[in-house]
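Every number for a ligand or one of its atoms is a count from 1 in the order of the listing. Numbers here simply count residues along the sequence, with the first being 1.
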Amino acid sequence: MNKELLRKLPKIDELLKEPLIQKEIDITYRVLVVESLREAIEKFRRNILENKINDFESEDVLNYAIGILTRKKQHNLRKVINATGTVIHTNLGRSLLSSDAVKNAMEVASRYNNLEYDIKEGKRGSRYSHIEELIIKITGAEAAIVVNNNAAAIMLVLDTLSKNKEVIVSRGQLVEIGGSFRIPEVMKFSGAKLIEVGTTNRTHLYDYEDNINENTGILLKVHTSNFKIYGFTEEVELDELVKLGQTKEIPVVEDIGSGVLVDFTKYGFTHEPTVQDSIKKGVDIVTFSGDKMLGGPQAGIIVGKKKYIQAMKKNQLTRALRIDKMTLAGLEGTLRHYLDEKNAIKNIPTLNMILASKDEMKKKAIKFRKKLKNSVYNFKFDIGEDYSMVGGGSMPTEKIPTHVIKVRNESISAAEIEKNLRLNEVPIIGRVFDDEFIIDVRTVFEEDITEIIKALKYMES
Ligand SMILES: *Cc1c(COP(=O)(O)O)cnc(C)c1O
């Protein structure tokens, strides 16, 4: 029996002659088609050997191969629909670029450009020149440089200012961010010696002062962006630390994490330190991410006193950490919006989504639900109130009131709905709560609703 079935397995060469397969070869890569056919035949062979099938047609193998090919044709890194409501979702690509930023990046990426060319002088220029002035204008700093990400920014600062020297940090600020970025480890790697002062909950100015000696390189303040401690706590304010640094002639560096450039308290959010504030307080160096609250591409921005930035520009490490033209173009496009705060809030998706009101979310949820109900019949859709998160380790305690759509089906569990939507051609990522699949409309785009409808209808059939 087995042998007979095995003999029935089609050969790759035969399948390659099929019109359906010929058509695929025309529109995609032949190597992917052959791979898919081979995997499909292998799958059937295994099923026969394990007595899992009694019979099959050559067409079944073909269809199975087409299924494999459909997945192989998709890019590995691709669009997903974020139905989690977490705006800066680190797993889902953090900040989305504004359309201006995208346009700028696309043009620069696909055409020659003046990346390192000074047009006025007709000679070699610096890639950092395109955004330094803009950053200075927005933050009020004396100088700026941009590297690959904030982790790289901190590395560069430590390598330039405190190599083989001591860096004083409060014990309450030895943070870990997103799994792999840990302040103590970064410090060790950079060749600086970490001097932990104070305790987890309380650090005083004298803790810094008592540990300063002739080998102190910098005083470092790390913004504990992804957690909050409450109760009997004490942190040294930035202005006090700056004063101490000035007296002892030691640079004060602040890793502010999220690059907040807009005062969010105006919009009813808890206070988050802005870069402008820190510069006003006289800090020597501030580092922050480009793709968190700033809403731009992945980048690490370093602003501060000219003499220190100058030293960083000359550091050989900068060459290894330098950012690409696409990033620069995206960053310039993003930063330009900040020349007018209203423009930034309107056009930068991250800001726009964080600041969208509960009422707007209610309207959006009603609209979405109507569309869903009009096309998908076996599911139930209810609107509920809930909270969205900022994400990206920013504003960890901020709960943003939102509206969600709760999806339910009598014969499909919420876990199954979640899995099916996640494995959809355009993956739809949401969460399960109380045996309902929750779609937070805050992070879902108008045009995505058609894909969600399509995926649910497919599940119905
Ligand atoms: C996010 C964060 C970092 C790391 O920034 P990346 O841009 O992800 O490298 C470092 N420090 C703080 C305080 C952060 O919040």
Side-chain angles (χ1 to χ4, degrees), residues 86-97 131 135 144-159 162 167 169-190 192 194 196 203 218-229 235-236 238 241 252-261 264 270-275 277-278 283 285-304 312 317-318 320-324 327-328 330-331 334-335 350 354 389-398:
T86 299
V87 178
I88 309 170
H89 201 303
T90 296
N91 299 155
L92 306 183
R94 285 201 183 158
S95 281
L96 314 181
L97 295 187
I131 43 165
I135 297 173
I145 185 173
V146 179
V147 290
N148 183 52
N149 57 11
N150 192 23
I154 295 159
M155 283 295 301
L156 181 58
V157 171
L158 294 174
D159 190 82
S162 59
V167 175
V169 196
S170 159
R171 282 208 169 81
Q173 297 171 0
L174 295 174
V175 299
E176 171 181 301
I177 288 131
S180 58
F181 180 85
R182 289 175 154 183
I183 287 288
E185 260 125 87
V186 170
M187 203 84 73
K188 207 185 291 165
F189 195 74
S190 78
L194 171 67
E196 303 173 29
T203 303
I218 59 179
L219 306 179
L220 177 67
K221 185 176 168 78
V222 182
H223 179 46
T224 53
S225 51
N226 56 1
F227 71 99
K228 285 246 190 300
I229 53 169
E235 245 195 348
V236 175
L238 187 63
L241 204 58
V252 175
V253 175
E254 184 183 29
D255 167 14
I256 207 169
S258 239
V260 179
L261 299 173
F264 275 82
T270 45
H271 177 72
E272 183 76 4
T274 65
V275 177
D277 265 353
S278 295
V283 67
I285 293 290
V286 187
T287 75
F288 51 98
S289 296
D291 56 355
K292 290 185 182 170
M293 300 281 281
L294 192 144
Q298 178 190 306
I301 303 172
I302 309 172
V303 296
M312 288 176 216
L317 193 56
T318 301
L321 305 176
R322 79 179 186 185
I323 63 169
D324 172 60
T327 309
L328 271 167
L331 190 59
T334 308
L335 288 169
T350 299
I354 290 172
M389 301 293 283
V390 173
S394 314
M395 298 189 172
T397 54
E398 195 74 52

Counting heavy atoms only, name the option from K221, H223, M293 that's nearest to atom 13 (C) of ligand 1. H223
Hey, does the side chain of T274 reach the backbone of D277 with a donor-acceptor pair shorter than 3.5 angstrom? yes
What part of Q298, side chain, backbone, both or neither, has a heavy atom within less than 4.0 angstrom of ligand 1? neither
Taking the side chain as every heavy atom from C-beta outward, state whether M312 and I285 have any pair of such atoms under 4.5 Å apart. yes
Does K221 come within less than 4.0 Å of E254, counting only side-chain N to carboxylate O? no
Atoms of ligand 1 close to S289 [distance to a heavy atom under 4.0 angstrom, numbered from 1]: 5 (O), 6 (P), 7 (O)
At under 4.0 Å between heavy atoms, which part of R94 makes contact with ligand 1: side chain, backbone, both or neither? side chain
If we only count N/O pairs under 3.5 Å, is A151 in contact with ligand 1? yes
Validation row: L96, T350 side chains within 4.5 angstrom (heavy atoms): no
Does an N or O anywhere in K292 fall below 3.5 Å from an N or O of ligand 1? yes
Ligand-residue contact atoms, ligand 1 with D255, heavy atoms, under 4.0 Å: 10 (C), 11 (N), 12 (C), 13 (C)
At a 4.0 Å threshold, what atoms of ligand 1 neighbour a non-hydrogen atom of G257? 12 (C), 13 (C), 14 (C), 15 (O)
Side chains of residues 149-157: which donor-acceptor pairs under 3.5 Å do they make with residues two or more places apart or in other chains?
from	atom 1	to	atom 2	distance (Å)
N149	OD1	A151	N	3.4
N149	OD1	A152	N	2.8
N150	OD1	T287	OG1	2.9
N150	OD1	F288	N	3.4
N150	ND2	D255	OD1	3.0

Would you indicate whether the side-chain heavy atoms of V275 and L294 approach each other to under 4.5 Å? no
